[in-house]
Amino acid sequence: MNGARLIVKLAWMWLLVLLLVTFAARGVDFVYRGF
Amino acid sequence: LPLLSLQFIVLSLATALLMWSTRGRLRLLVFLAASWYYAYTYLGLFGMAWTVALCVVGFGSAVFARRYPKRLWLAVTGLTLAFIYARNYSFLRLVLPGDWRTTLLATAGLSFLFFKILHVVIDAASGTLTLSFWRYLTYCFNFTTFLLGPIQRYQSFEGQWNGTTEAIPATFEAHLDAVTRVLRGLVKKYVVAEYLAAYALQPDAPVQTMSLIDLQLATYVFYIFLYFDFSGYCDIVIGVGCLLGIRPPENFNLPFLSPNPSQYWLRVHESLTSWLTDYVFNPLYAAALRSGWFGWHPLAATALAVTTTMLVAGLWHGTTLSFVLFGLVHGVYLVVFRSYEYAARNFLGRQGLRELRSSRAWLVASTIVTFHFTATAYIFFVLDFDKLLLVLDRL
């Protein structure tokens, strides 16, 4: 894996973490009825 | 134990580290202990005891089926009856007195476990797997797939456990991708799905007062919500599985893009579809073709096999009449689609049908129609029978 590819991947991970930290709703886990 | 919790992250990472650094029985013990802890958080002590007992009975049934393959039907019937009783299907009230029934045994993950056990028993009878008790127990409780799948096959689990097949390449990039997949799943489930949930059709929706357009839109949103929730969940557990070295099978492939109901079932909950194809559709279809009348009418044989398979799919998803209707509606979709294909092939010829399918306008139109019908069927998934009657009344 070259440096540019690694940086893109890390940036994408960072964006996902930011999205999670900012928007994740900590509701009850949706458990499918009767499963 | 929610997937977006410190405990789950610690459990996954600690198990991965311990599994990387151990071998043989110790590695099995680590995975089983982590899986039992995870299952315990959902089941409690009684649920654990019952679930372990079920797995042991399943193992006994597999040994029995391997020894007496011709008596496989006995093992399958016994396990199926036990499952029907444990899940407390609503139709049981017609055959069993109230005090004979119980809700105590309908534990989390039971449907997935039942299909995994049944697969082991059937494959043991056909001699396509070798059984080891502790590995089988770990397969049953594997914490990445215990609660909501994907339904992994025993051969796939064992192959990866033995190192015959690799979960992911042993590179830094592959492991980074696995972590990214977990994060992507968390965003899909806890950001996108959570926000869609507010607009999705709910079991207590005021179906008498809301407009029919709102009802239709809410059903569309439910489909999209369910996709993000369930495929997000699958991304998380597949990512964790990759890190552990036991990768669960893929489960979703953009079902919204399906141009027909048959494709839809190949793109949504794939591991369930493949299970149903192998253990319900194929044997039924083969048996129907061998029988007199159906042997001469393959389209009727397909219709019978596909409708029964979808009824099983419906009943597997839930215990009430609504789920029977959910399965039946999908059965009708597939029969209509197969009949249309048959008629179109006769009318246009093979080449003509291929050209029609490959035209862009046809592809867009059929994808929209498939989206509409498959999304609308989720109304049976959400509303109970009385509410469905109210909707029917308004139509």
Side-chain angles (χ1 to χ4, degrees), chain A, chain B residues 1-5 8 42 87-90 103 106-114 147-149 171-174 176-177 179-198 200 203 225-226 228-230 232-233 315-320 322-323 381-382 384:
Chain A
M1 182 165 50
N2 63 35
R5 200 175 158 88
L6 178 66
I7 288 170
V8 170
K9 287 197 175 195
L10 289 176
W12 173 229
M13 282 174 86
W14 180 240
L15 181 71
L16 290 170
V17 171
L18 269 183
L19 276 170
L20 264 177
V21 172
T22 319
F23 295 110
R26 284 163 184 275
V28 179
D29 259 10
F30 179 80
V31 174
Y32 299 88
R33 283 189 298 154
F35 274 35
Chain B
L1 194 64
L3 301 186
L4 183 61
S5 66
F8 184 77
Y42 281 99
R87 271 193 97 191
N88 194 22
Y89 273 91
S90 59
T103 51
T107 42
L110 187 65
S111 309
F112 290 90
L113 185 62
F114 171 62
L147 200 61
L148 292 165
T171 61
F172 173 70
E173 187 176 7
L176 196 69
D177 287 345
V179 176
T180 310
R181 183 144 192 199
V182 174
L183 289 172
R184 207 173 66 202
L186 287 170
V187 170
K188 276 161 92 172
K189 184 169 168 55
Y190 289 96
V191 179
V192 185
E194 284 269 357
Y195 282 88
L196 282 172
F225 152 76
L226 192 66
F228 277 102
D229 189 80
F230 199 10
Y233 164 85
L315 279 167
W316 178 85
H317 277 98
T319 58
T320 59
S322 296
F323 287 93
F381 209 88
V382 182
D384 64 23

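The model shown is predicted, which means the values in this text are computed figures rather than measured ones. Each chain gets a letter, A, B and so on, in the order its sequence line appears, and its residues count up from 1.
When all heavy atoms are compared, the tightest approach of A:L20 to B:L183 is CD1-CD2, 4.1 Å. In terms of heavy atoms, B:R184 sits closest to A:L16 at N-CD1, 3.8 Å. Across every non-hydrogen atom of B:L176 and A:K9, the tightest pair is CD2-CB, 4.0 Å.
Contacts of B:D177 with chain A are made by side-chain atoms alone, with heavy-atom separations under 4.5 Å and no backbone atom involved.
Side-chain atoms of B:Y190 do not come within 3.5 Å of backbone N or O of A:F23 as any donor-acceptor pair.
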